[in-house]
A.B. asks: 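So that we are looking at the same thing, I have put the structure below in structure tokens.
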Amino acid sequence: MRLTFVTSNPGKVEEARKYFKPLGVEVHQLHIEYPEIQADTLEEVAEYGLEWLAERFEGPFFLDDSGLFIEALNGFPGVYSAYVYKTLGIGGILKLLKGEANRRAHFRSVVAYWDGEVHLFTGKVEGMITEEPRGAGGFGFDPVFMPDGFDRTFAEMTTEEKNRISHRGRALKAFAEWLKENLK
Ligand code: ITT
């Protein structure tokens with residue numbers, strides 16, 4: 001089986017490929033930038049993007065909308081994570097948290113699949129924002145995110161390790177289970 005992943009982010013593609021390979025599913029990247037609306041939830045952003053794409057491209061395909069939610073910043077950057085990563089970057093986030101004792105944060109991912117209808121799959125991982133960036137793997141905010149139960153950041157893990165516990169890995173697991181049930 002072959003799945004089309006609509007994304008501009010090669011890090012996401014790498015994770016999806018590694019996740020699906022042992023299941024015998026090939027992941028093909030369709031690099032299209034779709035509009036990301038300002039909304040309160042990742043689900044709304046994902047669903048709007050999926051419907052926008054469905055009007056223009058032949059399905060099935062899926063996309064992933066993710067965000068980093070920092071407790072001390074009332075959930076910021078959340079749905080604005082892509083914009084904040086491009087503008088403030090990791091350094092800007094660390095600056096906002098300077099002197100802050102509460103470093104709790106979580107990542108959420110919404111995987112949205114279009115096969116004529118919208119199907120949403122979600123995943124979440126709790127953790128904390130480190131004082132300094134660590135590690136060279138992964139992408140985005142990975143060097144400053146340390147999942148609960150580990151003393152390494154996502155950027156210090158292999159893709160397989162990250163996939164086992166990450167927001168995206170969990171959303172992809174729910175997606176894979178759904179595919180198994182529904183594509184018999
Ligand atoms: P798309 O084309 O798939 O939309 P994107 O990078 O713009 O790619 P998002 O809209 O989902 O992706 O933005 C989420 C931002 O949060 C993105 O810029 C990343 O820097 C960051 N992010 C998402 N998932 C992450 C992960 O697993 N680890 C670290 N940072 C992540």
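In what follows, every heavy atom counts, from backbone to side chain, and hydrogens, waters and symmetry copies are set aside. Both ligands and their constituent atoms are indexed starting at 1 by order of listing.
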A.B. asks: Parallel, tilted or perpendicular: which one describes the rings of H119 and W178, with boundaries at 30° and 60°?
C.D. replies: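 The arrangement is tilted - the two ring planes meet at 30° to 60°.
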A.B. asks: Ignoring hydrogens, what is the shortest heavy-atom contact between L42 and V79? Give both atom names and the distance.
C.D. replies: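 The answer is N-CG1, 3.7 Å.
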A.B. asks: Looking at side-chain heavy atoms only, is the closest gap between P77 and I93 below 4.5 Å?
C.D. replies: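 A side-chain contact exists here, since the closest heavy-atom pair is under 4.5 Å.
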A.B. asks: Is the closest side-chain heavy-atom distance between I32 and F57 below 4.5 Å?
C.D. replies: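 Yes, their side chains come closer than 4.5 Å.
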A.B. asks: Distance under 4.0 Å, heavy atoms only, partner ligand 1: which residues pass?
C.D. replies: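 For ligand 1, the contacting residues are T7, S8, N9, K12, Y34, E36, D64, D65, S66, S81, A82, Y85, F107, F139, G140, F141, D142, K162, H167, R168.
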A.B. asks: Could you tell me whether F175 and F62 have their ring centroids closer than 6.0 angstrom?
C.D. replies: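 Yes - the distance between ring centres of F175 and F62 falls below the 6.0 Å cut-off.
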A.B. asks: So, do R152 and M146 sit near enough that their side-chain heavy atoms are less than 4.5 Å apart?
C.D. replies: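 No. Closest side-chain heavy atoms not under 4.5 Å.
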